Amino acid sequence: MKNIIVIALLLVVGFYLVDSFNYIKFGDNRLGAPSDEKTVGAYYLNNTVEKTGVANVITAIIVNYRGFDTLGEVTVLFLATTGLGSILYRRRKEGEHEERVTKESSYLLQTGSKILFPFVILLGIYVFIHGHLTPGGGFQGGAIVATGFLLMLIAYKNFKLGHNQLTWVESLAGITFVSIGMWGLITGGTFLENSFIPKGTLNSLFSGGIIPIIYIAVGFKVAAELTGVLDILLSIKPSKIKK
Amino acid sequence: MIIYVVIFSILAVLLVASALFAIIQKDLLYAVIATGVISLILSVMFFILQAPDVALTEAAIGIALTTIVFVITIRNTTRNEDEKEINSK
Amino acid sequence: MEILKYIGIGLVLLGSIFLLLGAVGIYRMPDVYNRLQAGTKATTLGAMSLILGVGFMEPEWLVKTLILVIFIGIANPLSSHVLARSAYKNNQMPIIKNGIDAYKKINDSEKSEEN
Amino acid sequence: MVISPVHYIAVPLLAAFVIPLFAKLNREFVRIIPGIVLLYLSYVSIVLMNQVSSTGTISEVLAGWAPPFGINLVFSAFSGFLASLMTFMGLVIWIYSYRFKKIDDEPALKFYVLFLMLITGAIGIVLTGDIFNLFVFLEIVGISAYSLTSFYRNRDGAEAGFKYLLLGAFASTLILLGIILLYSSIGTLNMADIAQKSHLIPTSLKVSIFILFVVGFGIEAEMFPLNGWAPDAYSQAPGPVGAAFSGIAVKAGMYVIIRLIYTLFDIEGSFQFLIVMGLITTIIAEVSAMKQTNLKRMLAYSSIGQMGIVMVAFGIGTREAIIAGLFLMLNHAIIKGLLFLSSSYLVYNDDNKLISSLSGLGKRLPLVSFLFALGAFAIVGLPPFSGFWSRLYLLLAAADKELIYLIAIILIIAVIEIVYYFRVINKLYFKDIKVKSDDVQKPSINAVISMSILGILIIAIGIYPDLVTSYLGNAADALLDKAGYIENVLVDINN
Amino acid sequence: MELNYLYITVLVILSIAFIIGMLRFIKGPTASDRVVALDTISIIATASLVFMGYIFNRYIYLDVALIYGVLGFIGVIIIARYLEGAL
Amino acid sequence: MDFGQYQNIVTISVYGSAIALILIGLYAVLIKKNLIKIVIGLSLADAGIHLLFVAIGYLKGGTAPIFSPSVVGENVTMVDPVPQALVLTAIVIGFAVTAVALSLVIRLYKHHNTARIDQIKSLKW
Amino acid sequence: MQTVSLLNRFIYTWVILFILWYAFTTSLEPAELITGGFVSLVVASFSYKVFTGSGLKIFMPHKLFFVAQYIFIFILALIKSNFDVARRVLSPSLPINPGIVEFNTKLTNDFAKMVLANSITLTPGTLTIDIVENTFYIHWIDVKSDNPEIAHTEIANNFEKLLLKIFN
């Protein structure tokens with residue numbers, strides 16, 4: 001009975017959604033057209049290169065135009081780590097050592113992860129350093145770096161993760177982000193203003209003023225946070241081992 | 001470009017099929033793998049819709065990280081939706 | 001340069017056909033190990049040659065496509081190995097025609113150690 | 001450095017990132033830093049409130065891009081009032097929870113970070129001028145609230161947290177859908193720009209967007225029938241967090257709904273809709289409050305009921321009604337804060353938090369019981385406490401618009417409230433002592449201080465309501481002045 | 001435009017391969033089979049991303065394909081490790 | 001890309017699959033009893049939303065809004081960058097919520113030894 | 001495993017990572033190169049111990065010749081194996097005769113073993129299931145004999161000889 005009610009409800013919702021999307025044509029020349037200066041998207045497309053010196057418009061939006069969102073987003077991840085830690089918190093008993101995986105992985109996987117680990121980390125760092133030139137950026141790069149650590153964590157029984165270093169990286173990256181923002185205020189501009197570092201030439205590595213710096217900070221922070229999340233999750237002890 | 005019409009419809013059908021699969025399956029591990037597949041397909045769709053950044057993010061978050069989080073949860077809880085004993089095949 | 005392009009087109013076509021072959025392989029074969037046998041070889045060669053073909057068609061892309069090719073060359077056999085091993089450890093016995101299963105004894109001894 | 005609204009967000013975030021580092025030096029920093037931050041924010045509030053009352057609304061541009069291209073913060077008399085209220089409540093609750101014993105048994109570092117972020121997120125919701133940014137702050141509030149709800153390691157904490165999370169995630173899905181529809185129809189996310197262009201949206205689409213947003217934010221604002229999370233969350237969360245929910249998080253949700261109706265969309269019937277929803281919420285909540293045996297749950301339902309009355313006040317829509325509504329919000333924050341804070345000492349050792357276990361506690365915990373009774377008298381609207389004036393203003397506003405049925409319902413609700421609050425007071429003072437003196441937890445000195453601040457404030461406002469009404473008048477004007485809001489935000493700075 | 005035919009041919013073949021992989025995924029019958037299917041379709045998708053990057057003529061899209069390949073690999077490893085009983 | 005007369009099919013497949021994902025996800029959230037299934041439903045609904053976001057930003061014949069060297073100076077149309085930027089944020093937030101939800105599931109399982117809603121009865125649902 | 005000095009291994013890692021960085025960026029701008037040098041230094045500093053055990057030796061010219069030879073043989077085997085797969089998959093009767101065989105290898109180097117295992121996986125009809133110590137366990141789609149010696153010559157001999165030359 002409940003099933004039928006829910007399906008009916010969802011059908012109504014779906015009908016309304018379909019109806020609403022009738023107004024919005026797919027692939028229509030609606031926004032973003034260079035002629036229409038008024039919409040936000042068009043403004044970004046027409047002005048980003050000139051005003052921020054960044055090739056990737058999405059990066060410009062994320063880090064500069066809507067940089068405040070990104071600050072919030074980084075905070076959300078930070079809070080997720082903190083919340084996870086608080087929800088899954090348990091006191092360590094004396095002499096209890098961390099054991100993430102119960103079995104050592106195969107010899108081949110170990111060798112393979114040895115070789116792929118630096119590759120994945122380098123790839124992640126490449127992605128967030130080139131966030132303003134190519135697709136990707138802090139979040140993606142950070143996630144990739146965390147995935148690289150994940151590879152080691154699940155392949156090795158005793159891979160040690162420096163918790164201290166993680167905290168340091170995370171905090172320093174966060175502080176860098178906020179401080180760069182505050183620097184704009186101190187110098188008499190606005191929060192996160194992209195004015196005190198030269199913008200460089202388009203499509204070179206050192207371009208875009210504070211944008212790459214912030215994205216690198218975000219990258220390190222996200223990498224540290226996600227690695228922290230994975231570490232917390234992987235070191236849960238199952239209460240009972242059920243087959 | 002009619003080929004994209006074909007690709008879009010194929011991807012859409014596969015997307016919905018794997019979503020249904022994820023919901024219907026009683027074995028949660030299958031459902032988790034299905035969410036991985038959904039991320040994969042979505043990522044391709046984003047790519048065709050000219051959103052490489054989003055495709056990257058969906059791939060980075062959806063395929064590896066979400067999967068491991070779900071897998072750890074299943075490890076620590078139960079693999080069968082109705083919590084009956086299942087053979088571990 | 002024209003000739004490179006034609007080589008590239010050939011490689012791309014070959015690659016796509018092998019990818020299809022790999023997919024058919026995992027569909028038709030009877031058990032996990034045989035599926036992996038067919039799937040890995042065909043998809044690895046298929047993906048490598050398709051990507052390399054793109055690299056030949058657009059010579060500026062060659063270096064990066066080479067990286068991808070090398071990565072696939074390392075990662076794909078590796079993942080199929082890990083899958084095969086995990087399937088075996090998950091008690092999924094392969095179809096054996098002649099009773100030749102050298103791996104069984106070592107797997108059994110590992111299991112008895114655990115218990 | 002000139003003090004500007006962005007300090008409300010940036011400073012706590014900086015502190016939150018710094019705390020894990022300082023915790024390595026000394027654990028005490030973990031507890032102290034949030035207090036310093038909140039003190040600083042109170043200072044910011046005072047400076048900015050003065051500035052607003054002399055020069056008018058402050059619209060701060062972020063990252064140097066003029067709205068609608070960048071994100072902006074709007075500190076008007078209205079949003080500023082709420083932000084200052086939240087800061088103040090945050091400070092008081094921090095004083096209360098400093099070395100709160102139950103929290104110190106758990107990972108305290110995480111508690112203080114999450115608590116600080118809860119306040120920051122709520123202030124961000126109130127100040128931001130961008131609808132997507134608002135969503136981000138809502139998620140900040142959400143995630144810290146889910147984690148705080150399940151902070152204690154008892155059985156039901158996780159359950160309440162999960163329930164809250166489900167509704168919250170559902171809400172964010174709906175809000176995102178609304179944002180998609182909004183952006184695709186007018187191509188902007190800035191709230192002032194939306195307000196300016198909202199007549200361009202086809203009406204049916206506008207109604208869909210409005211419904212999606214109201215349902216989404218209604219969950220945070222405890223609107224019926226989306227408030228199922230509230231009683232569980234309030235009763236399972238640590239005591240100070242319950243106060244923070246009712247004083248801070250809920251206000252943020254309510255703010256958004258008010259903003260939607262007053263500024264963003266002018267949809268016919270939205271005011272009546274708000275009145276109806278408010279009345280339904282109130283009646284159901286107050287009736288359920290009657291039946292509760294759990295003190296915290298009773299307070300939670302009462303809190304929902306109060307938010308319903310606030311909705312009614314804003315649904316009436318005249319200047320007087322808005323003043324009444326804001327006054328109600330202020331009172332609700334202070335008084336409910338006091339009730340939650342004092343009640344968590346009353347039921348300190350009782351996991352079920354039963355009202356029946358309060359029997360005779362008035363003699364064991366005289367001060368706490370007295371403060372609880374004070375709060376109870378204030379919230380049901382007895383003179384000479386502050387609650388009386390807000391009810392009175394509301395009745396007057398309703399009478400102005402000749403909404404007789406409203407007056408009747410509000411009076412009936414007041415009677416219901418009197419019944420169930422007096423049941424508790426009766427238990428406290430006029431029943432035999434059941435509890436041994438060892439079983440009760442004496443409040444620490446800072447807890448007494450924080451509760452006393454709230455108690456004194458209740459009496460002070462009760463005696464001199466003019467202390468706040470002039471501010472509230474400004475705030476109401478700021479809310480009603482839609483054209484002024486748009487004009488203030490959409491000044492071209494960059495071009 | 002003789003290249004157009006190439007695009008269409010290759011994309012059609014890849015789509016068919018993708019569908020067949022998905023069929024194996026849905027058919028199962030065991031978890032291992034599904035992961036094998038996931039592995040295969042992630043490789044097919046990586047290859048098609050490279051090819052579509054070529055069609056769209058954007059060099060930067062190659063990055064996406066590269067990362068996609070890496071992450072698909074790690075996703076498969078995760079589930080394999082779980083099936084092994086080690087996680 | 002111009003889809004010509006097949007525009008409708010593309011529209012239906014993109015919007016349709018996105019809305020279908022949302023509805024399937026919400027169905028799982030409302031009906032399913034297993035907590036993990038519910039979280040899977042949530043992430044499906046999120047995925048649908050993300051697809052919808054990107055779809056409304058798409059522009060016929062547009063390319064990614066990245067002014068890389070091969071594109072600078074040419075007269076190209078680009079898709080709307082704003083929805084893409086928003087959906088990036090939304091994906092990361094969705095992951096954070098999923099992680100917190102699953103950690104709560106783990107804790108619930110530890111307390112109640114079950115992951116089914118109908119067997120967790122200390123609070124009303 | 002023979003020990004090589006840490007510095008040697010570190011420089012090897014750094015060089016490889018730097019080459020990778022160049023492949024990612026494919027640009028010779030000084031800014032990119034300097035950043036790349038720095039980043040690969042950082043990554044190498046915490047991963048060189050796991051990355052390699054053998055160090056720079058592999059860059060010796062005659063070894064590079066063997067590497068080229070290996071790649072040539074490998075690609076031939078790969079193509080052959082694909083036609084083998086095609087034959088098996090496309091024939092309606094699915095001609096398979098699977099089994100798992102074992103054999104011992106003389107290789108000692110980790111990386112060499114991995115390369116051998118991967119090559120075996122990609123050559124006709126074989127799939128490495130596990131390596132325990134020096135023993136390879138191979139799933140063979142068309143088992144000819146369960147004798148380890150014969151299996152060794154059938155499956156791995158060519159590759160192993162070359163790998164021994166490269167890595168020892």
Side-chain angles (χ1 to χ4, degrees), chain C residues 5 8-9 12-13 15-29 31-33 35-36 38-40 42-44 46-55 57-58 60-61 64-65 67-68 71-72 74-76 78-92 114, chain E residues 2-3 6-7 9-25 27 30-33 35-55 57 59 62-63 65-66 68-70 72-77 79-86:
Chain C
K5 193 157 191 171
I9 291 174
V12 166
L13 276 173
S16 57
I17 288 166
F18 275 122
L19 281 173
L20 179 62
L21 179 68
V24 173
I26 66 157
Y27 188 74
R28 281 207 67 198
M29 285 293 183
D31 76 337
V32 182
Y33 305 91
R35 278 175 201 144
L36 276 171
T40 316
T43 53
T44 309
M48 279 166 127
S49 90
L50 196 153
I51 293 169
L52 209 61
V54 170
M57 283 156 85
E58 199 81 25
E60 284 170 19
W61 299 19
K64 214 164 203 166
T65 47
I67 289 290
L68 244 168
F71 174 78
I72 288 175
I74 294 178
N76 213 18
L78 191 60
S79 72
S80 64
H81 146 73
V82 175
L83 272 172
R85 186 173 183 268
S86 77
Y88 205 102
K89 301 264 172 193
N90 199 13
N91 294 326
Q92 221 170 313
E114 272 174 32
Chain E
E2 85 280 26
L3 274 181
L6 175 74
Y7 299 161
T9 324
V10 172
L11 284 178
V12 164
I13 293 174
L14 289 179
S15 311
I16 294 170
F18 202 90
I19 294 174
I20 294 174
M22 281 298 291
L23 278 181
R24 174 47 73 199
F25 171 75
K27 256 178 110 171
T30 66
S32 299
D33 290 313
V35 190
V36 172
L38 175 65
D39 191 16
T40 308
I41 61 177
S42 90
I43 287 284
I44 294 172
T46 311
S48 30
L49 287 197
V50 173
F51 191 67
M52 282 190 282
Y54 170 71
I55 295 175
N57 198 13
Y59 174 61
L62 267 185
D63 282 3
L66 180 55
Y68 196 90
V70 172
F73 163 70
I74 294 177
V76 170
I77 296 283
I79 301 172
R81 286 288 279 159
Y82 172 74
L83 285 175
E84 205 174 315

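Scope of the values below: all heavy atoms of this structure, side chains included, with no hydrogens, waters or symmetry mates. Keep in mind that this is a model prediction, so the values were computed, not measured. Residue numbers begin at 1 in each chain, while the letters A, B, ... track the order of the sequences.
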- Which value, rounded to the nearest 0.5 Å, describes the distance between C:Trp61 atom CH2 and E:Asn57 atom CG? 6.0 Å
- Task: Under 4.5 Å, counting heavy-atom pairs only, tell me which of E:Tyr59, E:Phe51, E:Tyr82 racks up the most with chain C.
- Result: E:Tyr59
- Task: Determine the minimum heavy-atom distance between E:Val76 and C:Ser79, stating which atoms define it.
- Result: CG1-CB, 4.3 Å
- Item | Top of E:Arg81, E:Met22, E:Lys27 for chain C proximity - count of heavy-atom pairs under 4.5 angstrom | E:Lys27
- Query: Should the heavy atoms of other residues, nucleotides or ligands under 6.0 Å from CZ of C:Phe71 be counted, would the total exceed 12?
  - Reply: yes
- Message: With side-chain contact (heavy atoms from CB on, under 4.5 Å) as the criterion, how do C:Leu19 and E:Ile13 come out once you've worked through the C-alpha distance, each side chain's angles and the decisive distance to 0.1 Å?
- Response: CA-CA 8 Å; C:Leu19 281 173; E:Ile13 293 174; over 6 Å; no
- Taking every heavy-atom pair that is under 4.5 Å apart, which of C:Ala87, C:Gly15, C:Ala75 has the most such pairs with chain E? C:Ala75
- Query: Is chain C contacted by the side chain of E:Leu14, its backbone, both, or neither, given a heavy-atom distance below 4.5 Å?
  - Reply: side chain
- Max heavy-atom pair count under 4.5 Å with chain C, selected residue of E:Ser48, E:Gly69, E:Ala17: E:Ala17
- Message: Just so I understand: if I count every heavy-atom pair under 4.5 Å between each of E:Leu23, E:Val70, E:Leu11 and chain C, which residue has the most?
- Response: E:Val70
- Item | From CG (E:Leu66) to CD1 (C:Ile72), nearest 0.5 Å | 9.0 Å
- Note on the structure: Correct closest heavy-atom pair for C:Ala23 and E:Ile20 would be O-CG2, 3.4 Å
- Item | chain C interface, residue from E:Ile41, E:Asp39, E:Ile44 that has the most non-hydrogen pairs under 4.5 Å | E:Asp39
- Closest-packed option against chain E by number of heavy-atom pairs under 4.5 Å, given C:Val82, C:Leu21, C:Leu68, C:Thr43: C:Leu68
- Query: Can you name the nearest heavy-atom pair linking E:Arg24 to C:Met29, along with the distance?
  - Reply: NH2-O, 4.3 Å
- Query: Between C:Met48, C:Glu60, C:Lys89, C:Glu58, which shows the greatest number of heavy-atom pairs under 4.5 Å with chain E?
  - Reply: C:Glu58
- Which of E:Ile79, E:Asp63, E:Thr9 touches chain C most, by non-hydrogen pairs under 4.5 Å: E:Asp63
- Message: Between E:Leu6 and C:Met57, does the side-chain contact (heavy atoms from CB on, under 4.5 Å) criterion hold? Intermediate values first, please.
- Response: CA-CA 12 Å; E:Leu6 175 74; C:Met57 283 156 85; 3.6 Å; yes
- Shortest non-hydrogen contact between C:Gln92 and E:Ser32, atoms and distance: OE1-OG, 3.1 Å
- Task: Under 4.5 Å, counting heavy-atom pairs only, tell me which of C:Leu78, C:Ile26, C:Leu13 racks up the most with chain E.
- Result: C:Ile26
